[in-house]
Amino acid sequence: MELSIELAGLKLKNPTLLAAGVFGVTGASLKRVAQAGAGAVITKSISLKPNPGCPNPTIVEVLGGFLNAMGLPNPGCYEFSQEIKVAKEGKVPVIANIYGSTPDEFAQVGEVMEGAGADGLELNVSCPHSGGLIEIGQNPELTAEVVRTVKKKVRIPVMVKLSSNVSNIIEIAKSAERAGADIISAINSLGPGMVIDIETASPILANKVGGFSGPCIKPVALRCIYEISKNVKIPVVGVGGITSGNDAIEFFMAGAKAIQIGTGIYYHKIEIFKKITDEISDFMDKKGYKSLNEIIGLVH
Ligand code: RRO
C-alpha cells in the first residue's frame with residue numbers, strides 16, 4: 001500500500017508525524033522516533049532563550065488522558081541547533097516547533113532553526129496554560145501577524161498549530177491561510193484543566209492547571225479538522241487522541257492530510273507509528289481503497 005504523502009513540499013514516507021512535546025527535546029530521541037517509523041518528527045517548542053519550564057509535578061494522568069504543564073522548557077534555539085543536526089540522522093523531515101513573545105521573536109527563532117537544518121516550522125500559538133501563546137491563537141489578527149513575520153524570514157514550509165479553545169476556529173484558520181501559512185495543524189491540548197489531591201487539598205500540578213491531551217479529546221479535534229478543512233485550501237494535519245489506525249482514518253475522513261501522535265506513545269510506546277501505519281494499510285486493503293486521497297475529506 002502506497003502511503004507516502006507530500007505536505008507543502010515535504011515528502012513523507014507515511015502520514016504519521018511525531019507531535020510536538022513528546023520525545024522532542026533531544027536529537028537522539030527524535031532520531032529514534034524517526035527510525036521507529038514516523039513519517040516526520042516535530043520538536044518540543046523552542047524559544048530564543050533557554051526556559052527552565054515549570055517545577056514538578058508537570059504531568060498527571062486523568063481519565064482518558066493526561067494533564068500537563070511542562071511550561072515550555074527548552075534549551076533555547078542556539079543550543080537546540082545541535083539537536084536538529086542529530087535528529088536529521090533519522091532521515092525523515094524534522095519540523096521545529098517554535099514560540100516567541102513577539103512576532104519578531106518567532107521569526108528570529110525560525111531563522112535559527114532553518115539555519116540548523118530544520119525542514120519546516122510549526123508555530124505554537126496554542127499552548128493553553130503557558131507563555132501567553134493562546135492569546136495569540138485566539139486572535140485572528142495576532143495569528144496573522146506572527147505568520148506573516150515568520151514567512152518573510154524563512155523559505156521552509158510554515159505550519160501553524162491552532163487551539164480548539166476559540167469561539168470560531170474557522171476564522172483563525174482562514175486568517176493564518178491568508179497570512180501565508182502553508183499548513184495548519186490542530187489541535188493543541190484542551191483546557192486548561194485541574195486535578196486536586198484531596199489529602200493535601202492542593203492542585204497536583206505545580207502550575208495548578210495544565211493542558212488536557214489523550215483519547216478523550218479526539219471528538220473535539222475531529223470537529224476542528226472537519227471545520228478547518230472545509231474552509232481552507234492548504235493542507236490540514238490532525239492531532240488529538242489518536243492511538244489507532246481507525247482513529248487516523250477518522251481524521252482523514254474529516255479532512256486531514258496527515259496526523260500527529262503525541263500522548264498515544266504512552267499507551268503503545270514508539271512502535272505506535274508502525275502500528276498505526278500498518279492499521280491504515282489494512283483498513284484500506286480491506287475496503288479496496290488504493291490511495292489516501294480517496295479517503296481524505298470523505299465525510300464532506
Ligand atoms: O510546555 C508545555 O507545557 C506545553 C506546550 Br508548549 C503546549 O503547546 N501544549 C501543552 O500541552 N504543553
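Residue numbers run from 1 in the order of the sequence given.
Applying the side chain to side chain contact (heavy atoms under 4.5 Å, CB included) test to Thr200 and every residue at least two apart in sequence or in another chain returns Asp197, Ser202. With sequence neighbours excluded, the residues that form a salt bridge (charged side-chain N to carboxylate O under 4.0 Å, His left out) with Asp278 are Lys274. The side-chain hydrogen bond (donor to acceptor under 3.5 Å, both in side chains) check on Gln138 picks up nothing, with sequence neighbours excluded. Shown here are the salt bridge (charged side-chain N to carboxylate O under 4.0 Å, His left out) partners of Glu122, two or more places apart in sequence or in another chain: there are none. Qualifying side chain to side chain contact (heavy atoms under 4.5 Å, CB included) partners for Val33, counting only residues two or more places apart in sequence or in other chains: Leu18, Phe23, Ala38, Val41, Ile270, Phe273.
The hydrophobic cluster around Leu205 extends to Val60, Val62, Leu67, Ile187, Leu190, Val195, Ile204, Phe212, Ile217, Val220, counting ILVMFWY residues whose side-chain heavy atoms fall within less than 4.5 Å of a member.
Within the structure, every pair that satisfies the salt bridge (charged side-chain N to carboxylate O under 4.0 Å, His left out) test and touches residues 136-164, not counting sequence neighbours, is listed here: Lys151-Asp182. Within the structure, no pair that satisfies the ring-ring contact (aromatic ring centres under 6.0 Å, His included) test touches residues 120-154, not counting sequence neighbours. Residue pairs meeting the side-chain hydrogen bond (donor to acceptor under 3.5 Å, both in side chains) criterion with at least one member in residues 284-300, sequence neighbours excluded, are Ser229-His300. Counting only residues at least two apart or in different chains, side-chain hydrogen bond (donor to acceptor under 3.5 Å, both in side chains) contacts with residues 51-76 comprise Ser47-Asn74, Asn51-Tyr99, Asn56-Thr58, Glu61-Tyr266, Asn74-Tyr99.
Among the candidates Asn14, Leu292, Ile295, the single residue satisfying the side-chain contact (heavy atoms from CB on, under 4.5 Å) test with Ile280 is Leu292. For the pairing with Val125, the side-chain contact (heavy atoms from CB on, under 4.5 Å) check across Ile134, Val147, Leu133, Leu162 returns one residue only, Leu162.
Checking side-chain atoms of Thr43 against main-chain N and O of Ala96 turns up no donor-acceptor pair under 3.5 Å.
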Enumerate, atom names and distances included, each donor-acceptor pair closer than 3.5 Å involving a side-chain atom of residues 230-244, sequence neighbours excluded.
from   : atom 1 : to     : atom 2 : distance (Å)
Lys230 : NZ     : Tyr226 : OH     : 3.2
Asn231 : ND2    : Glu227 : O      : 2.8
Thr243 : OG1    : Asp247 : OD2    : 3.2
Ser244 : OG     : Asn246 : N      : 3.4
Ser244 : OG     : Asp247 : N      : 3.1
Ser244 : OG     : Asp247 : OD2    : 3.4

Using a 3.5 Å cut-off and no angle test, enumerate the donor-acceptor pairs between side-chain atoms of residues 82-90 and protein atoms at least two apart in sequence or in another chain.
from  : atom 1 : to     : atom 2 : distance (Å)
Glu83 : OE1    : Gly27  : N      : 2.7
Lys88 : NZ     : Gly117 : O      : 2.8
Lys88 : NZ     : Asp119 : OD1    : 3.1
Lys88 : NZ     : Asp119 : OD2    : 3.4
Glu89 : OE1    : Lys31  : NZ     : 2.8

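Using a 4.5 Å cut-off between side-chain heavy atoms of Ile, Leu, Val, Met, Phe, Trp and Tyr, with links allowed through other members, Leu142 and Phe106 fall into the same hydrophobic cluster.
Counting heavy atoms from C-beta on, the side chains of Lys44 and Pro73 come closer than 4.5 Å.
Checked for salt-bridge contact, Lys257 and Glu6 miss the test: no charged N lies under 4.0 Å from a carboxylate O.
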